[in-house]
Amino acid sequence: MIPIVMICLPCCMQLYKTRHKKNPVGSFICYVVLNLFLWMALFPLQITISNNIKNKLGPISELTENEELSKGYFRQVDGETYYYLEDSVDKSAKVVTMDSHKSPESVPFFQDVDISEKIAPYADPLIKNAQSKSSRKLREILFNFNSFITKSWNNGFISWLCFLTFAFALGSVYAFIQFSDWRLINTYLCITLSFGVIYLNCIYFTPSFDHIRAGLYEFFYGHGGFSHLVQREVDVPLCTINLLIGVIFTIIGIINSIINKKRNN
C-alpha cells in the first residue's frame, strides 16, 4: 500500500520548523532539498522496487489465481447470494442465483457471474464481508490512490511531473509554520491542511465523488483539450486542483511573511 511515512514526512518537517524558527532561509532551502529528494528519488525508488517484486512474483491477482472459489459454497456479494455449482475460473463460475429482492416464489436461475470487480481488491467476498464498512472503505480509498500513484510513475516522466502537483500542494503547507505567534495554532494549521490535502486526493477516486469528477472531466476534456495528457492517463482536473491549492498557500505565506517583517520593524 501507500508508503504513508513518506507522505507524512513533509508534515513532520513542518511541525519541527514551527518549534525551531532560527535561520529561516537555510531551513527553507533544506526543506526544499529534502522534499525534492523525497519525491524525485525515494518515492520512485520505492515504486520501482515494488514493480520489480511484482514482476518476479506476479501480481496479487495471479498469486491468488490457484486459490479459486470452490464449488459447493455460498457467497454473498452486495446483498445477493450465490451458490457455486463449479469451481471458478478467472473468478467467473456457474452459480445458482437466489435474488433476495424478488418474491419467495421466484425460481433460482443459472448464470455465469464475474464478481472480481465487486470484491476488489479482495480475492474472496468473505474477506470483504468480514470487515467493517469503515475499514473496508478506508482500504479501498488507499488502494485506489496507491494505484493512481503507481500508474503516474509507470506512464512516464510527464505523468509523474503532473502527479507532483500533489507534492507541491502538500509541501506548500510550509507557508503556515509562522502564520501566528502561537505555536499551537501553527501546529494545528500544518496538521489540518496537510491531511486535508491528502484526504482530498484520496476521496477524489471514490464513488461519492463520481458526479463532481464527471463534471470536471466534461469541463476540461469536453472540447478535446489536453489530449496528449489524456493519452498518458494524467488526471488534469486533480492536477489543476492541487496546483491551485499550492499557489494559494504560497501566496498566503508570502503575504504573511511581508506583514510579519513590517510588524517587527
Side-chain angles (χ1 to χ4, degrees), residues 1-14 28-62 121 141-175 193-206 209 212-214 216-251 253:
M1 294 302 289
I2 301 172
I4 300 296
V5 174
M6 290 187 186
I7 291 181
C8 292
L9 274 178
C11 183
C12 295
M13 289 187 278
Q14 294 157 11
F28 176 73
I29 294 174
C30 182
Y31 176 78
V32 172
V33 171
L34 287 175
N35 271 277
L36 287 174
F37 178 70
L38 171 66
W39 296 101
M40 298 300 292
L42 286 184
F43 231 107
L45 179 63
Q46 185 272 334
I47 296 174
T48 303
I49 293 174
S50 178
N51 288 340
N52 291 337
I53 293 175
K54 286 180 179 179
N55 290 335
K56 290 181 179 179
L57 301 179
I60 294 184
S61 59
E62 291 181 10
I141 289 173
L142 295 178
F143 177 82
N144 291 334
F145 188 51
N146 182 65
S147 299
F148 172 66
I149 295 175
T150 305
K151 190 182 295 183
S152 298
W153 173 253
N154 293 338
N155 287 340
F157 178 74
I158 298 298
S159 178
W160 183 250
L161 198 63
C162 292
F163 166 75
L164 289 183
T165 55
F166 165 69
F168 173 56
L170 196 60
S172 64
V173 178
Y174 186 88
L193 293 176
S194 293
F195 282 94
V197 171
I198 296 172
Y199 180 73
L200 174 63
N201 280 264
C202 287
I203 67 165
Y204 180 83
F205 299 99
T206 60
F209 216 81
I212 298 176
R213 194 167 61 249
L216 290 172
Y217 285 167
E218 178 63 27
F219 177 78
F220 281 91
Y221 305 141
H223 303 288
F226 304 101
S227 57
H228 59 294
L229 293 177
V230 173
Q231 292 174 358
R232 296 176 180 270
E233 299 185 51
V234 173
D235 200 301
V236 178
L238 181 59
C239 293
T240 304
I241 292 171
N242 285 327
L243 191 61
L244 286 174
I245 291 173
V247 170
I248 292 171
F249 285 176
T250 302
I251 292 174

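Residues passing the side chain to side chain contact (heavy atoms under 4.5 Å, CB included) test with Thr150 are Ile47, Asn51, Asn146, Asn154, sequence neighbours excluded. Under the rule for a side chain to side chain contact (heavy atoms under 4.5 Å, CB included), the partners of Ser147 that lie at least two apart in sequence or sit in another chain are Phe143. Checked against side chain to side chain contact (heavy atoms under 4.5 Å, CB included), Leu45 has the following partners two or more places apart in sequence or in another chain: Ile49.
Put simply, CZ on Arg213 and OG1 on Thr206 are 7.0 Å apart, with the number rounded to the nearest 0.5 Å. In this structure, CD on Gln46 lies 8.5 Å from CD1 on Ile149, to the nearest 0.5 angstrom. Expressed to the nearest 0.5 Å, how far OG of Ser194 lies from OH of Tyr174 amounts to 13.0 Å.
Applying the side-chain hydrogen bond (donor to acceptor under 3.5 Å, both in side chains) test to every pair with at least one member in residues 234-248, sequence neighbours left out, gives these pairs: Asn201-Asn242, Tyr204-Asp235, Tyr217-Asp235.
Asn52 is listed as a side-chain neighbour of Thr48, based on a closest heavy-atom distance under 4.5 Å.
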Let me check something: any side-chain donor-acceptor pairs from residues 28-37 under 3.5 Å, sequence neighbours excluded? List them with distances.
from, atom 1, to, atom 2, distance (Å)
Tyr31, OH, Gln14, NE2, 2.8
Tyr31, OH, Gly171, O, 2.9
Asn35, ND2, Tyr31, O, 2.8

Below 3.5 Å, can you tabulate the donor-acceptor pairs from side chains in residues 160-170 to any protein atom, sequence neighbours excluded?
from, atom 1, to, atom 2, distance (Å)
Trp160, NE1, Trp39, O, 3.3
Thr165, OG1, Cys162, O, 2.6

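Residues Phe209 and Ile203 come closest through the heavy atom pair CB-O, 3.3 Å. What you find for Ser159 and Ser152 is that their closest heavy atoms are OG-O, 3.1 Å.
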